[in-house]
Participant: 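Pasting in a structure now, in structure tokens, and then I'll have a few things to ask.
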Amino acid sequence: MVTGDAAYIKKINRSLIIREIVKEGMISRADLSKSTNLTRATISAQVADLLEEGLIIETQLEHYSVGRKPIMLSLNGQAGYALGIDLDYGQITFTLSDLLGCPVSSNIIQLKTTDYTEIRHLLIQQINKLKAEFTTSRYGIVGIVIAIHGLVTKDEVIHYVPRFQWHDINLKSDLEVEIDTPIYLENNANLSSFAERVYAHHETDNLLCATLYSGIGLGMMMNNEFFRGHDGYAGEIGHMIVVPEGKPCNCGNKGCWEKYASESSIFEHLAETRQISNLTYEHIQNWLNEGDEEVYELMEQFLFYLAIGLNNMINMYNPDVLVLDSELLRIFPNSLNKISENLNSSISHYRELMISTIGKKSCVLGACALAIKQFLDVPMLNLPYDKNTNQVGSVLI
Ligand SMILES: [Zn+2]
């Protein structure tokens with residue numbers, strides 16, 4: 001350990017102070033001194049530097065009943081921007097948020113290719129365009145996080161993206177050659193779980209988030225860190241076998257959970273039986289409104305298989321909060337109660353099971369939040385989330 005090195009100690013103290021401001025949202029100098037055990041003089045000098053840099057701002061509290069109105073310190077959301085990129089099959093979403101995680105711009109580019117070179121060029125072009133647009137703030141774009149819908153190693157190398165058929169690709173270093181902003185790669189399900197923790201569930205340090213759209217992905221936040229497994233691939237829960245000798249899966253096994261309990265399994269079934277090629281949630285909503293018995297039965301079966309896998313997950317991880325991200329669960333009446341009714345083992349324990357309030361954009365918001373966390377170098381973030389104002393608008397270009 002380096003001791004007696006003034007610059008090093010200053011850096012550590014600065015990090016401690018930023019962490020505390022981020023944790024509390026708003027805090028006075030006096031309380032900062034108490035919670036960090038740093039002297040008033042140290043706090044005063046460091047805060048002056050942070051104010052000068054524009055990373056934090058002062059606010060005088062109004063309506064303070066007793067004594068002098070305290071001056072509170074908080075992060076300056078306008079000091080810079082985080083860029084989250086969701087590299088999904090068929091489309092790429094680019095969302096910029098301020099340093100408080102509030103989206104300020106978002107656009108979606110439709111992808112007609114899976115070719116790596118073309119996609120890499122497109123990413124570089126768009127990132128440079130956004131960097132040029134957002135130069136006016138103190139820090140500009142502070143970091144870029146790209147969501148990968150596949151396996152990412154602990155060293156952030158893309159090991160496998162099934163729908164792109166990409167194997168062992170080093171997108172991070174390929175981009176770093178062209179772009180001088182810090183770039184991070186992360187699995188999409190991990191980013192969704194991160195968004196749930198950062199925006200919606202400040203109270204927990206143990207959260208699982210299962211996304212049920214195309215297949216089933218599981219993101220795990222344990223002790224406020226990603227649980228990655230040995231290589232970084234943990235959470236491929238959709239390929240847990242729930243029906244021996246069941247439906248064949250493209251992973252090579254039979255009876256995988258996502259063949260029964262993902263939204264794509266329902267969509268594929270209904271598209272085939274009803275001969276509709278571009279089936280939407282609206283179709284399903286209308287059938288449910290009409291009381292279509294076959295659709296009701298199919299949804300009941302979906303919930304039944306969903307509960308089987310959840311039961312296994314709960315027994316394995318004993319989660320505090322378990323979030324399910326699915327539009328079908330949102331539109332099917334009473335879905336959460338029906339799942340809970342099937343989770344009645346005396347052994348399995350969890351505190352809260354819920355449907356995501358953030359929904360599909362959790363992946364890209366989690367990417368923005370992770371870029372902020374890396375920039376501030378803090379162990380965890382609690383960001384405000386307003387369902388109405390945090391909507392990520394989609395602009396097709
Ligand atoms: Zn499988």
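Quick caveat, the model's predicted, so the values are computed rather than measured.
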Participant: Working to the nearest 0.5 angstrom, can you tell me the gap between Glu352 CD and Asp320 CG?
Facilitator: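 So the CD of Glu352 and the CG of Asp320 are separated by 8.0 Å.
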Participant: List the atom of Glu258, the atom of Ile216, and the distance in Å for their closest heavy-atom pair.
Facilitator: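 Residues Glu258 and Ile216, closest heavy atoms: OE1-N, 2.9 Å.
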Participant: What verdict does the side chain to side chain donor-acceptor pair (under 3.5 Å) test give for Asn334 and Asn337, after you've listed the backbone C-alpha separation in whole Å, the side-chain angles of each residue and the deciding distance to 0.1 Å?
Facilitator: CA-CA 6 Å; Asn334 222 5; Asn337 284 346; 2.9 Å; yes
Participant: Are any of the side-chain heavy atoms of Asp231 and Lys154 separated by less than 4.5 Å?
Facilitator: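 They are not in side-chain contact.
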Participant: So that I can tick it off, tell me whether Arg228 and Glu186 are bridged by a salt bridge, with the cut-off set at under 4.0 angstrom between side-chain N and carboxylate O.
Facilitator: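 Salt bridge: yes.
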Participant: Rounded to the nearest 0.5 Å, how far apart are OG of Ser44 and CG of Leu38?
Facilitator: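 Taking OG in Ser44 and CG in Leu38, the distance rounds to 12.0 Å.
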Participant: I'd like to know whether Asn253 forms a side chain to side chain donor-acceptor pair (under 3.5 Å) with His239, so could you lay out the CA-CA distance, the side-chain angles of the two residues, the decisive distance to 0.1 Å, and finally the verdict.
Facilitator: CA-CA 8 Å; Asn253 275 333; His239 299 282; over 6 Å; no
Participant: Quick one: do Tyr233 and Leu171 end up in the same hydrophobic cluster if we chain Ile, Leu, Val, Met, Phe, Trp and Tyr together by side-chain heavy atoms under 4.5 Å apart?
Facilitator: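 No.
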Participant: For the side chain of Asn188 and the backbone of Ala147, is there at least one donor-acceptor N/O pair under 3.5 Å apart?
Facilitator: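 No: the side chain of Asn188 does not pair with the backbone of Ala147.
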Participant: Taking atom CD of Glu272 as the centre, does the number of heavy atoms from other residues, nucleotides or ligands within less than 6.0 Å exceed 12?
Facilitator: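 Atom CD in Glu272 is not packed in, count stays at 12 or less.
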Participant: Check whether the ring centres of Phe194 and Tyr199 lie less than 6.0 Å apart, and answer yes or no.
Facilitator: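 No, the ring centres sit 6.0 Å or more apart.
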Participant: Can you name the nearest heavy-atom pair linking Ala79 to Gly54, along with the distance?
Facilitator: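 Residues Ala79 and Gly54, closest heavy atoms: CB-O, 3.4 Å.
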Participant: Quick one about Glu263 and Ser326 (side-chain donor to acceptor, distance below 3.5 Å, no hydrogens or angles considered), yes or no?
Facilitator: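 Yes, side-chain donor-acceptor contact under 3.5 Å.
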Participant: Determine whether Ser340 and Leu353 make a side-chain contact, defined as any pair of heavy atoms from C-beta on separated by less than 4.5 Å.
Facilitator: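 Yes, side chains in contact.
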Participant: I'd like to know if Arg351 pairs up with Glu203 as an ion pair, taking the criterion as any Lys NZ or Arg NE/NH1/NH2 lying under 4.0 Å from an Asp or Glu carboxylate oxygen.
Facilitator: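 Between Glu203 and Arg351 there is a salt bridge, with a charged N closer than 4.0 Å to a carboxylate O.
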Participant: Any heavy-atom pair between the side chains of Ile85 and Thr93 that's under 4.5 Å?
Facilitator: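 No, too far: nothing below the 4.5 Å cut-off.
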Participant: With no hydrogens and no angle check, do the side chains of Thr204 and His201 hold a donor and an acceptor under 3.5 Å apart?
Facilitator: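 No donor-acceptor contact under 3.5 Å links the two side chains.
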Participant: Is it true that Asp5 and Lys11 make a salt bridge, defined as a side-chain N closer than 4.0 Å to a carboxylate O?
Facilitator: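 So Asp5 does not pair with Lys11 through a salt bridge.
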Participant: Quick one: does Val161's side chain get under 4.5 Å of Leu151's, heavy atoms only?
Facilitator: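 Val161 vs Leu151: side chains apart.
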Participant: For His202 and Ala200, indicate whether the former's side chain and the latter's backbone hold a donor-acceptor pair under 3.5 Å.
Facilitator: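 Not a single qualifying donor-acceptor pair exists.
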Participant: What are the two closest heavy atoms between Ile119 and Thr113, and how far apart are they?
Facilitator: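 Looks like CD1-O, 3.7 Å.
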Participant: Aromatic rings Phe134 and Tyr81: how do their planes relate, parallel, tilted or perpendicular, breaks at 30° and 60°?
Facilitator: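 Rings of Phe134 and Tyr81: perpendicular, over 60°.
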Participant: Centroid-to-centroid, Phe302 to Phe332, below 6.0 Å?
Facilitator: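 Distance test on ring centres: not under 6.0 Å, no.
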Participant: Between Arg330 and Asp325 (salt bridge meaning N to carboxylate O under 4.0 Å), is one present in this structure?
Facilitator: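 The answer is yes: the pair qualifies as a salt bridge.
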Participant: Quick one: does Tyr160's side chain get under 4.5 Å of Val152's, heavy atoms only?
Facilitator: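 Tyr160 vs Val152: side chains apart.
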Participant: Does Leu191 form a side-chain contact (heavy atoms from CB on, under 4.5 Å) with Leu370? I'd like the steps, not just the answer.
Facilitator: CA-CA 8 Å; Leu191 289 173; Leu370 187 60; 3.8 Å; yes
Participant: Take a 6.0 Å sphere around CD of Gln60 and say whether it holds more than 12 heavy atoms from other residues, nucleotides or ligands.
Facilitator: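 Check passes, neighbour count above 12.
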Participant: Return the minimal non-hydrogen interatomic distance between Ala189 and Thr211, and the atom names on each side.
Facilitator: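 Heavy-atom minimum between the residues: CB-OG1, 4.5 Å.
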Participant: Could you tell me whether Arg19 and Glu24 make a salt bridge, using a distance below 4.0 angstrom between a side-chain N and a carboxylate O?
Facilitator: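 Judged by the 4.0 Å cut-off on N to carboxylate O distance, Arg19 and Glu24 do not form a salt bridge.
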Participant: How far does SG of Cys209 sit from CG of Leu207, to the nearest 0.5 angstrom?
Facilitator: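 Result: 6.5 Å between the selected atoms.
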Participant: If we check side chain to side chain contact (heavy atoms under 4.5 Å, CB included) with Asp86, which of these qualifies: Val364, Ile146, Leu365?
Facilitator: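 Of Val364, Ile146, Leu365, side chain to side chain contact (heavy atoms under 4.5 Å, CB included) with Asp86 is met by Val364 alone.
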Participant: Are Trp287 and Tyr296 side-chain neighbours, meaning at least one heavy-atom pair lies under 4.5 Å?
Facilitator: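 Answer no - side chains too far apart.
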Participant: Dump the intermediate steps for side chain to side chain donor-acceptor pair (under 3.5 Å) on Asn206 and Tyr317, then the final yes or no.
Facilitator: CA-CA 10 Å; Asn206 182 288; Tyr317 298 111; over 6 Å; no
Participant: With a 4.5 Å cut-off on side-chain heavy-atom distances among I, L, V, M, F, W and Y, is there a chain of contacts connecting Met380 to Val22?
Facilitator: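 Looking at the clustering, Val22 is in the same group as Met380.
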Participant: Verify, without hydrogens or angle tests, whether Ser362 (side chain) and Ile358 (backbone) share a donor-acceptor contact under 3.5 angstrom.
Facilitator: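 No; zero donor-acceptor contacts below 3.5 Å.
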Participant: Main chain of Asp88, side chain of Gln91: is a donor-acceptor contact present, judged purely on distance under 3.5 Å?
Facilitator: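 It does not hold such a pair.
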Participant: Measure across Leu55 and Phe375 and return the closest heavy-atom pair with its distance rounded to 0.1 Å.
Facilitator: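 The pair with the smallest heavy-atom distance is CD1-CE2, 3.9 Å.
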Participant: Is there a path from Tyr213 to Leu336 through hydrophobic residues (I, L, V, M, F, W, Y) whose side chains come within less than 4.5 Å of each other?
Facilitator: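 Looking at the clustering, Leu336 is in the same group as Tyr213.
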Participant: Any donor-acceptor pair under 3.5 Å linking the side chain of Lys172 with the backbone of Val157?
Facilitator: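 Flag not set: sc Lys172 to bb Val157 has no pair under 3.5 Å.
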Participant: If you count the non-hydrogen atoms of other residues, nucleotides and ligands that lie under 6.0 Å from OH in Tyr89, is the total more than 12?
Facilitator: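 Counting neighbours around OH of Tyr89, 12 or fewer heavy atoms of other residues, nucleotides or ligands fall under 6.0 Å, so no.
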Participant: Quick test of your reading of the model: are Asp49 and Lys10 salt-bridged, counting only N-O distances below 4.0 Å?
Facilitator: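 Salt bridge flag = yes for Lys10 with Asp49.
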Participant: What's the separation between atom CG in Asn224 and atom NZ in Lys373, rounded to the nearest 0.5 Å?
Facilitator: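 So the gap between those two atoms works out to 9.0 Å.
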Participant: Got Leu288 and Asn286 here, is their nearest side-chain heavy-atom distance under 4.5 Å?
Facilitator: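 With C-beta onward as the side chain, the pair stays apart.
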Participant: About how many Å separate OG of Ser173 and CG of Asp155, when rounded to the nearest 0.5 Å?
Facilitator: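 One gets 11.0 Å once the value is rounded to the nearest 0.5 Å.
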Participant: Looking at Gly215, is its backbone amide N or carbonyl O close enough to the side chain of Ser264 to form a donor-acceptor pair, meaning the two atoms are under 3.5 Å apart?
Facilitator: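 Indeed, once roles are kept as given, a pair shorter than 3.5 Å links the two residues.
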Participant: For a side chain to side chain donor-acceptor pair (under 3.5 Å) check, start with the C-alpha distance between Gln301 and Tyr260, then their side-chain angles and the critical distance, and finish with the verdict.
Facilitator: CA-CA 8 Å; Gln301 203 179 49; Tyr260 299 85; over 6 Å; no
Participant: Is the shortest side-chain heavy-atom distance between Lys131 and Thr181 below 4.5 Å?
Facilitator: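 Of all side-chain heavy-atom pairs linking Thr181 with Lys131, at least one is under 4.5 Å.
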Participant: For Arg138 and Asn76, test the side chains for any donor-to-acceptor distance below 3.5 angstrom and give the result as yes or no.
Facilitator: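 No - no donor-acceptor pair under 3.5 Å links their side chains.
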Participant: Take Trp166 and Tyr116, measure what ring pair (Phe, Tyr, Trp, His ring centres under 6.0 Å) needs, and give me the verdict at the end.
Facilitator: CA-CA 8 Å; Trp166 287 1; Tyr116 175 65; 5.2 Å; yes
Participant: Kindly compute the distance separating CD (Glu297) from CG (Asp292), expressed to the nearest 0.5 Å.
Facilitator: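 Nearest 0.5 Å value for the CD-CG distance: 10.5 Å.
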Participant: Met26 and Ile57: same hydrophobic cluster, using ILVMFWY side-chain contacts below 4.5 Å?
Facilitator: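 Per the 4.5 Å side-chain linkage, Met26 and Ile57 are not co-clustered.
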Participant: May I ask you to say whether Lys247 pairs ionically with Glu268, meaning some side-chain N is under 4.0 Å from a carboxylate O?
Facilitator: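 Here Lys247 does not pair with Glu268 in a salt bridge, since their nearest N and O are not under 4.0 Å apart.
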Participant: Could you walk me through whether Ile158 and Asn170 pass the side-chain contact (heavy atoms from CB on, under 4.5 Å) check?
Facilitator: CA-CA 6 Å; Ile158 297 174; Asn170 203 337; over 6 Å; no
Participant: Do the charged groups of Glu341 and Lys338 touch, with an N to O distance under 4.0 Å?
Facilitator: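 The answer is no: the pair does not qualify as a salt bridge.
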Participant: Do you reckon Tyr350 sits in the same ILVMFWY cluster as Val323, going by side-chain contacts under 4.5 Å, direct or chained?
Facilitator: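 Per the 4.5 Å side-chain linkage, Tyr350 and Val323 are not co-clustered.
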Participant: Looking only at side chains, do Gln165 and Thr114 share a donor and an acceptor under 3.5 Å apart?
Facilitator: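 Note: Gln165 and Thr114 side chains miss the donor-acceptor criterion.
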